[in-house]
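The structure under discussion appears below in the form of structure tokens.
Quick note on labels: first sequence line is chain A, next is B, and so on, each numbered from 1.
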Number of protein chains: 2
Amino acid sequence: MSEVRINEAIDTLKQSGVRITPQRHAILEHLIQSMTHPTADEIYKSLEGKFPNMSVATVYNNLRVFKEVGLVKELTYGDASSRFDCVTTEHYHIICEGCGKIVDFHYPGLDEVEALAESVTGFDVGHHRMEIYGTCPDCRSNKTKIS
Amino acid sequence: MSEVRINEAIDTLKQSGVRITPQRHAILEHLIQSMTHPTADEIYKSLEGKFPNMSVATVYNNLRVFKEVGLVKELTYGDASSRFDCVTTEHYHIICEGCGKIVDFHYPGLDEVEALAESVTGFDVGHHRMEIYGTCPDCRSNKTKIS
DNA sequence: ACACTATTTATAAATATTACAATGTAAGAA
DNA sequence: TTCTTACATTGTAATATTTATAAATAGTGT
């Protein structure tokens, strides 16, 4: 279960010399257990019960720490809030333009494209980002009902 | 030259029933001629000379109009300013993590990935976004000099 | 136990973008 | 042409996300 994954994550943190505070544990737990890709504010709000006087800054700080260690990826969306994704296996995201839902889907990894880009542009390639946009089944059926 | 492309873009706008104001013409011209992918603020600043009392809001408004017509794509980067890219041929971007430079590079288009995502998730796929991150030749040579 | 460092908190600040009301401008009808 | 109406622009205020900072707190090692 997610127990295992939390412990793995904590080990990773310890190995990087990051202290495990109660707040960090809770944020990590929330990230791993929630199947959504929460925003910083969603995490903050969902932990208000357990930590009535936790600060939003703490959430942001620790998400940055997790990012630096490589446990978490930030998905940026312009003016809107970033969403945070606990990195486990290699996967991409498909995003519903109707309701904003984000669904994971697996794909081999676009190594070819990286290689080509590298040779064409002379860059040293580090990583890439890919997202697919569309309409999820729920939103599609809602649309057809209306029309 | 870019003359042609500007006229094509203006035709597209006219066909969509969008008025061609001096400001719109200038923003469009700047987008097409500049090989960079400017931010709204960069466009605003670069047109201050010609239009001393143009408002930033005008730039944002018209970029939205251009986006709706499909002439322009917005590249969002979290908290940082969005950049705007005049859509011409199908291409992707490689972005330098050192200096922020964005370089275009052409690639066949990831139709396969879209198809797979569609069948796996049940979404109706509309479009996708892909970006590659790395270090550009300039930044790489700067780094080696220092070390 | 003590000194030192990392972390959290609370608040203020920075920044990008949007909303809104007022003014200006262009296109069509009379 | 002149009136009317709809669209554009301007200027400013508001919103929202994220970061910076300083003070308070907790944890670690000697």
If I take atom CD in residue Glu68(B) and atom P in nucleotide dT18(C), what distance separates them, rounded to the nearest angstrom? 11 Å
Whole-Å distance separating the CZ atom of Arg64(B) from the C1' atom of dA19(C): 10 Å
Could you check how far CG of Asn53(B) sits from C1' of dT25(C), rounded to whole Å? 14 Å
When we call it a touch if two heavy atoms are under 4.0 Å apart, what does Thr58(A) touch: a base, just sugar-phosphate, or nothing? base
Specify the residue among Asp41(B) and Pro22(B) whose closest nucleotide of DNA chain C lies further upstream toward the 5′ end. Asp41(B)
Are Arg129(B) and Tyr77(B) in a cation-pi setup, meaning NZ or CZ lies under 6.0 angstrom from the ring centre and within 45 degrees of the ring axis? yes
In whole angstrom, what separates Tyr60(B)'s OH from dT18(C)'s P? 7 Å
Bounds of contact between DNA chain D and chain B, in 5' to 3' order, using a heavy-atom cut-off under 4.0 Å: dC7(D) to dT18(D)
Please work out if Thr39(B) contacts a base, only the sugar-phosphate, or nothing of the nucleic acid, heavy-atom cut-off 4.0 Å. nothing
Does Glu74(A) come within less than 4.0 Å of Arg83(A), counting only side-chain N to carboxylate O? no
What is the distance from CG of Leu75(B) to P of dT17(C), rounded to the nearest Å? 12 Å
Leu13(A)-Val72(A) co-clustered via ILVMFWY side chain contacts under 4.5 Å: yes
Derivation of the side-chain contact (heavy atoms from CB on, under 4.5 Å) call for Leu31(B) and Phe66(B): CA-CA 11 Å; Leu31(B) 272 169; Phe66(B) 296 162; 4.3 Å; yes
Give a yes or no on whether a salt bridge exists between Lys73(A) and Asp85(A), defined as a side-chain N under 4.0 angstrom from a carboxylate O. no
Is Ser81(B) close enough to dA16(C) that one of its side-chain N or O atoms is under 4.0 Å from OP1 or OP2 there? yes
Which residue lies toward the 5' end of DNA chain D, Arg24(B) or Ala57(B), if each is placed at its nearest nucleotide? Arg24(B)
Between the side chains of His127(A) and Glu131(B), is a donor N or O closer than 3.5 angstrom to an acceptor N or O? no
Closest-nucleotide 5' rank along DNA chain D - winner of Ala40(A) and Met54(B): Met54(B)
Check: Tyr92(A)/His128(B) side-chain N/O donor and acceptor closer than 3.5 Å: no
Could you state the CZ-C1' distance from Arg19(B) to dG28(C), rounded to the nearest angstrom? 11 Å
